[in-house]
There are 2 protein chains.
Amino acid sequence: MFDETDRRILGLLQADADMPIAEIAGQVGLSASPCWRRIKRMEEAGLISRRVVLVDRVIAKVPLTIFAGVRVPSHSVDWLERFRRVIADIPEIVEAYRLAGEMDYLMRIVVPSIEIYDHVYKQLIAQLEFRDVTSSISMEEMKFTTAVPLHYL
Amino acid sequence: MFDETDRRILGLLQADADMPIAEIAGQVGLSASPCWRRIKRMEEAGLISRRVVLVDRVIAKVPLTIFAGVRVPSHSVDWLERFRRVIADIPEIVEAYRLAGEMDYLMRIVVPSIEIYDHVYKQLIAQLEFRDVTSSISMEEMKFTTAVPLHYL
DNA sequence: CTTGAAACCGGATAGCT
DNA sequence: AGCTATCCGGTTTCAAG
């Protein structure tokens, strides 16, 4: 379905989506049109889902990352769906996962400061019941990439 | 520095980086050139850091997300720097944070399966000492966005 | 000093070999 | 797969508010 050349092209695009096709083609040893056709094919297959701009968190005034692990009072489908709706509407919550194990859910939240985090926290507990919420502050983002490993493809 | 119009433009670009400028301009009630100039300004200011393609994790065969929280044996700068180098070289580790509190570090790891996660885990403990590693499997990605909240800007 | 219209230009797209 | 022709959208310029 996809070969090593596709993976190399995709690797470049995961790093920089507006690299000119001519340059990508050059780096993978192809001329522009076949390279372009491969990209098109990866888009049509849904492998490339979309292109986005990445915003600098410090300049956007949301330098702080906080993780909130929560445990639920009741393991009901109803609670899950209400939780889903609540987190969808809070832009500070950028990631949320339902976990197997100790914690029921884990969220990554980006905010300007601890004070503002408290607002988000209150917003959360005002809308839903929780058994408990454990917040961990990130002191340093050591690695963050939107690029997924491609060698299993 | 940046006003509501900039935020609206940026919001659109965070959702879809290749929306034509003419359409963005239309949506924010501007014509193409001033809109283009605003985007340029946000790029030059570093607010827009770059554009990337987002890859579908299921199609790329890495559907599984696992969180690994670790505690260190020794709180030394040396250990931290070695850790930094190790995680930089493992593409399955897509995020890593140094935390304040119970856990010392938290990583988000994307893999095809638990079996492959075990490889990554072994790769990790082969290169560094850990006091302990706690892994949590994600059953469901409920929310994931690269878009940061813009209303603090 | 900022906007919008319009001309320009380059790279993305499509057809053909 | 690669070459070439077309075309569309980003970029620049310039006149007007």
Side-chain angles (χ1 to χ4, degrees), chain A residues 1-61 145-153, chain B residues 1-61 145-153:
Chain A
M1 187 76 183
F2 299 106
D3 64 12
E4 179 59 23
T5 303
D6 290 311
R7 280 191 285 275
R8 288 176 61 198
I9 293 169
L10 196 48
L12 293 168
L13 288 173
Q14 282 197 128
D16 177 10
D18 36 46
M19 180 179 297
I21 290 185
E23 189 181 334
I24 298 171
Q27 294 209 23
V28 302
L30 231 53
S31 70
S33 2
C35 181
W36 177 82
R37 275 192 288 266
R38 281 168 183 268
I39 293 170
K40 256 298 140 91
R41 205 165 66 86
M42 292 192 279
E43 281 169 356
E44 276 154 26
L47 176 56
I48 293 175
S49 54
R50 60 206 180 100
R51 290 153 203 259
V52 297
V53 309
L54 262 28
V55 167
D56 185 292
R57 292 227 324 275
V58 173
I59 300 179
K61 308 251 183 72
T145 178
T146 55
V148 304
L150 298 174
H151 48 275
Y152 303 109
L153 178 62
Chain B
M1 186 75 183
F2 299 105
D3 64 12
E4 180 58 25
T5 302
D6 291 310
R7 280 191 284 274
R8 288 176 62 197
I9 293 170
L10 196 47
L12 293 168
L13 288 174
Q14 281 197 130
D16 177 11
D18 37 46
M19 180 179 295
I21 290 185
E23 189 182 332
I24 298 171
Q27 295 209 22
V28 302
L30 231 52
S31 71
S33 10
C35 182
W36 178 84
R37 275 192 288 267
R38 282 167 183 269
I39 294 170
K40 256 302 145 84
R41 205 166 66 88
M42 292 192 278
E43 283 170 353
E44 275 154 25
L47 177 55
I48 292 176
S49 53
R50 60 206 179 100
R51 290 155 206 257
V52 296
V53 309
L54 262 28
V55 167
D56 185 291
R57 292 226 323 274
V58 173
I59 301 179
K61 307 249 184 70
T145 178
T146 55
V148 304
L150 299 173
H151 48 272
Y152 303 109
L153 179 63

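Each chain gets a letter, A, B and so on, in the order its sequence line appears, and its residues count up from 1.
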Atom [atom1] of [X] and atom [atom2] of [N]: how far apart are they, to the nearest Å?
X       : N      : atom1 : atom2 : result
A:Lys40 : C:dA12 : NZ    : C1'   : 9 Å
A:Ile39 : C:dA12 : CD1   : C1'   : 10 Å
A:Arg38 : C:dT13 : CZ    : P     : 17 Å
A:Glu43 : C:dT13 : CD    : P     : 8 Å
B:Arg41 : C:dC1  : CZ    : P     : 15 Å
B:Leu30 : C:dA5  : CG    : C1'   : 14 Å

Is the shortest heavy-atom distance from the side chain of [X] to the side chain of [Y] under 4.5 Å?
X       : Y        : result
A:Asp16 : B:Arg50  : no
B:Leu47 : B:Leu153 : yes
A:Arg38 : A:Val28  : no
A:Leu10 : A:Leu12  : no
B:Met42 : B:Ile9   : yes

### Task
May I have all residue pairs that pass side chain to side chain donor-acceptor pair (under 3.5 Å) and include part of residues 17-27 of chain B, sequence neighbours excluded?
A:Arg51-B:Asp18, B:Glu23-B:Gln27

### Query
Among residues 17-27 of chain B, which residues get a heavy atom nearer than 4.0 Å to DNA chain D?
B:Pro20, B:Ile21

### Message
What I want to check is whether an N or O donor and acceptor connect the side chain of B:Ser33 with the base of C:dA5 at under 3.5 Å.
### Response
yes

### Message
Any salt bridge linking A:Arg7 with A:Glu4? Criterion: basic side-chain nitrogen under 4.0 Å from a carboxylate oxygen.
### Response
yes

### Query
What is the 5' to 3' range of DNA chain D, first to last nucleotide, that sits under 4.0 Å from any heavy atom of chain B?
D:dG10 to D:dT12

### Message
I need the A:Ser49 OG to B:Leu54 CG distance, nearest 0.5 Å.
### Response
5.0 Å

